[in-house]
Amino acid sequence: MVIFDSVTKTKREFIPLKEGEVSLYVCGPTVYDDAHLGHAKSALVFDLLSRVLKAEGRHVKYARNITDIDDKIIKKAKELGVTIKEITDRFTEAYHRDMAELGIKRPDIEPKATESLDAMFTMIQNLVNKGHAYQISNGDVYFDTKSDEGYLSISHRVQDEDEKQNRVLNSDEKKNSADFALWKSVNDGDISFDSPFGAGRPGWHLECSAMIEKHLADSTCKYAVDIHGGGADLLFPHHENEAAQTRCSTNHEIAAYWMHNGFVNIDGEKMSKSLGNSFFIKDALKVYDGEVLRFYLLSTHYRSNFNFNEEDLIAAKKRLDKLYRLKKRLFGLEVHADMDTAFKTKLLDALQDDLNISLALSIIDEMVSTVNETLDTAGKHKELKREAMIDMAYIEEILGFGMKNPFEYFQTGIDKATKELIKELIEKRNEAKKVKDFESSDRLRDEILSFGVSIMDTPQGTFWEKV
RNA sequence: GGCGCCAUCGCCAAGUGGUAAGGCCGGAGCCUGCAAAGCUUCUAUCCCCAGUUCAAAUCUGGGUGGCGCCUCCA
């Protein structure tokens, strides 16, 4: 496996801390609202990564956090007059539902901030003890960025410039303008948690470092985890600060490899909360099949920015359709043996190169095309069919494409009653065709088509699909 | 202002020194009562300029044009 490490900005051969094992930590959502396409992209990318690592025969320990303490959550809870737990439970559940629709597997560990406070306290205490953190008069505890020689080594920023930017916004008591809060004190009776540093709530960056130490890290290793991932926007300040906390409170760096996925834009415009053009997954799912969305969002390399638009989505759907067409053609054939094929090797090879999905998809297209061609010319070809089934099962396993029953896949969006009606009309039409009453059969076909479906006459019978 | 990314066929998109993958759309054909699906076939020299090299889409320099981070954000 070769991974593009976004800190060294080079492709590097992946060498795990412990042979055969991989620890992967990905920054997950803050659960105060529904998940949008950006959350989907990130979750999809790292779902793919963990699948590929597993396909290589590695044992993967994948953690993705749920941020359930945050100012935005508190604000929303106040607005709605409910507890923060009601908010976080509701949106955690929604997140899980949306991710499942996209065929994303649950990570092995999903730590929550509320369940990781002990680890955060330990980290803050270590930082204070080692002189990397200090408390100011109002109770806030800050990380002293000047005390960390490695600070800004992750994002390669220049300190002075950032200071100019931040000076006005920050508290006078802070030693350096870039210092960030580890603990924010609360005195006004607002929602808070008890801690050795007084009542308050943790700074956002802290939880990831603490969770990694608690769930994944081995203090005998040079790095806390093998791979740390997240959206490109998190590189600074979030990941820079995480790295600083871990570096200064423990005896290791936080991650050996960093992976950052590109952004999702909508029709050429940046999608962001401040612009208010977030596209929720649940809304997209009303119009598009979850697996089509999965295929579409995954069809571009993870580091590129992704421009979401309907025309491209339709083209992606047509491409996925071809895989399902072949699956339909092979339907009913049982596969027993799990053998290696040239196709499987090629597909894995492509994905092992920093998740080269475009190359992987072209390999799938070629396989589909070759099998179709052979089936057309050579007729019944049991061995070929069997191998194709094995290959498709592999695509399902490693990429999560082709998971559905192919007949149902092509009929999504048509209700049951209509399905029955269509079935009857097709029978009538076939009666008419039998006696070569083409006038009636064409009339019936038009009637069937009016439901927004297309029909196909094949040697196996007549099939229909939603257009 | 600081740091950084990108620019390949109408559209999406691989390829990072050896002579342009794949998909969508479109044209022609096979098959089919018609159609759909499938199959065959056709369509680019890689934003511009200069340089390095036997050889560059791929390296260097300079343009031009997009974009991101620096503030909550995946």
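A, B, ... follow the sequence lines: proteins, then strands. Residue 1 opens every chain.
- In terms of position on RNA chain B, the residue among A/Arg429 and A/Glu366 whose nearest nucleotide sits closer to the 5' end is A/Glu366.
- No N or O donor and acceptor, one from the side chain of A/Asn356 and one from the base of B/rG15, sit under 3.5 Å apart.
- With C1' as the reference atom, B/rA56 and B/rU45 are 11 Å apart, rounded to whole Å.
- Between A/His228 and A/Trp258, the ring planes lie parallel to each other; the angle is under 30°, not in the 30° to 60° tilted range.
- If you check every strand for non-hydrogen atoms under 4.0 Å, A/Arg325 touches sugar and phosphate atoms only.
- For the P atoms, the distance linking B/rG62 with B/rG23 amounts to 39 Å, nearest Å.
- Closest contact between the side chain of A/Arg319 and the listed nucleotides B/rC25, B/rG22, B/rC72 involves B/rG22.
- Among the heavy atoms of the strands, none lies under 4.0 Å from A/Lys41.
- A tilted orientation is assigned to the rings of A/His238 and A/His205, their planes being inclined by 30° to 60°.
- An OP1 or OP2 oxygen of B/rC39 is reached within less than 4.0 angstrom by a side-chain nitrogen or oxygen of A/Asn372.
- Here A/Gly38 lies in heavy-atom contact (under 4.0 Å) with a base.
- Judged by the 6.0 Å distance and 45° axis criteria, A/Lys76 is not positioned over the aromatic ring of A/Tyr32.
- Across all strands shown, B/rC31 remains unpaired; no Watson-Crick or G-U wobble contact has both distances below 3.5 Å.
- Pair assignment for B/rG68 gives B/rC3, based on Watson-Crick or G-U wobble hydrogen-bonding distances that are each under 3.5 Å.
- With both ends at atom C1', the span from B/rA28 to B/rG66 equals 38 Å, rounded to whole Å.
- Note that the CZ atom of A/Phe91 and the CD1 atom of A/Ile73 stand 10.0 Å from one another [nearest 0.5 Å].
- A gap of 11 Å separates the P atoms of B/rA37 and B/rG26, to the nearest Å.
- For A/Asp233, the side-chain atoms get nearest to B/rC69 when compared with the rest of B/rC69, B/rA36, B/rA21.
- With a 6.0 Å cutoff to the six-membered ring centre and a 45° limit on the axis angle, A/Arg247 does not count as a cation-pi contact of A/Tyr151.
- Proximity note for A/Arg157 (side chain, C-beta onward) versus B/rG2, B/rC72, B/rA14: the nearest is B/rG2.
- Pairing of B/rG10, defined by two Watson-Crick or G-U wobble distances under 3.5 Å, is identified with B/rC24.
- Within the 4.0 Å cut-off from OP1 or OP2 of B/rC24, not a single side-chain nitrogen or oxygen of A/Lys317 is found.
- Note on A/Phe263: a base of the nucleic acid sits closer than 4.0 angstrom, heavy atoms only.
- Checking B/rA74, B/rU40, B/rG33 against the side-chain heavy atoms of A/Ser42 singles out B/rA74 as nearest.
- For the pair A/His156 NE2 and B/rG4 C1', the computed distance is 10 Å after rounding to whole Å.
- Residue A/Glu311 is classed as having no contact, given no heavy-atom separation below 4.0 Å to the nucleic acid.
- Nucleotides B/rG27 and B/rC69, compared at atom P, are 41 Å apart to the nearest Å.
- Rounded to an integer number of Å, the gap from CG of A/Asn261 to P of B/rG68 is 16 Å.
- Base pairing of B/rC59 is made with B/rG51, judged by Watson-Crick or G-U wobble geometry with both donor-acceptor distances under 3.5 Å.
- If you measure from atom CG of A/Asp312 to atom C1' of B/rG22, you get 15 Å, rounded to the nearest angstrom.
- Residue contacts for A/Arg329: at a heavy-atom cut-off of 4.0 Å it reaches the sugar-phosphate backbone alone, with no base atom in range.
- A/Val264 comes within 4.0 angstrom of a nucleotide base, judged by non-hydrogen atoms across all strands.
- Of the candidate nucleotides B/rC39, B/rC70, B/rA13, B/rA13 has the atom lying nearest to any side-chain atom of A/Thr300.
- Residue-to-nucleotide proximity on RNA chain B shows that, of A/Gly262 and A/Ser441, the 5′-proximal contact is made by A/Ser441.
- Note: CD1 (A/Ile314) to P (B/rG26) measures 13 Å, nearest angstrom.
- Comparing B/rU19 with B/rA55, their P atoms are spaced 15 Å from each other, to the whole Å.
- Taking only side-chain atoms of A/Asp442, from C-beta outward, the nucleotide of B/rG22, B/rC67, B/rG33 with the closest atom is B/rG33.
- Look at the C1' atom in both B/rC25 and B/rU32: the space between them is 24 Å, to the nearest Å.
- Per the stacking criterion (ring centres < 5.5 Å, plane angle < 30°), A/Phe438 stacks onto the base of B/rG33.
- Side-chain proximity of A/Thr30 to the nucleotides B/rG23, B/rG4, B/rA74 is greatest for B/rA74.
- Contact check, A/Ser369 against B/rC39: a side-chain N or O comes under 4.0 Å of OP1 or OP2.
- In this structure, CG of A/Leu323 is placed 13 Å from C1' of B/rG23, rounded to the nearest angstrom.
- In this structure, A/Arg12 satisfies the cation-pi test against A/Tyr257, with its NZ or CZ atom closer than 6.0 Å to the six-membered ring centre and inside 45 degrees of the ring normal.
- Among the atoms of the strands shown, base atoms are found under 4.0 Å from some heavy atom of A/Ile455.
- The partner of B/rU45, taking Watson-Crick or G-U wobble pairs whose two distances both stay under 3.5 Å, does not exist in any strand shown.
- For B/rA14, the OP1/OP2 oxygens have a side-chain nitrogen or oxygen of A/Ser304 closer than 4.0 Å.
- For A/Lys322 and B/rC24, the NZ to P distance is 4 Å, given to the nearest whole Å.
- Here A/His301 lies in heavy-atom contact (under 4.0 Å) with sugar-phosphate atoms only.
- In this structure, A/Lys466 atom NZ and B/rA37 atom C1' are separated by 18 Å, rounded to whole Å.
- Just one residue in the list A/Phe463, A/Trp464, A/Tyr324 forms a ring pair (Phe, Tyr, Trp, His ring centres under 6.0 Å) with A/Phe407, and that residue is A/Phe463.
- Residues A/Glu383 and A/Arg386 are paired through a salt bridge, judged by an N-O separation under 4.0 Å between the basic side chain and the carboxylate.
- Electrostatic pairing of A/Asp34 and A/Lys282 counts as a salt bridge here, judged by a charged N lying under 4.0 Å from a carboxylate O.
- Nucleotides B/rC6 and B/rG15 have their P atoms positioned 12 Å apart, rounded to a whole Å.
- With distances taken from any side-chain atom of A/Cys27 to the nucleotides B/rA36, B/rA74, B/rC70, the minimum falls on B/rA74.
- At the heavy-atom level, A/Asp70 lies nowhere under 4.0 Å from the strands shown.
- The nearest whole Å value for the distance from the OH atom in A/Tyr32 to the C1' atom in B/rA74 is 11 Å.
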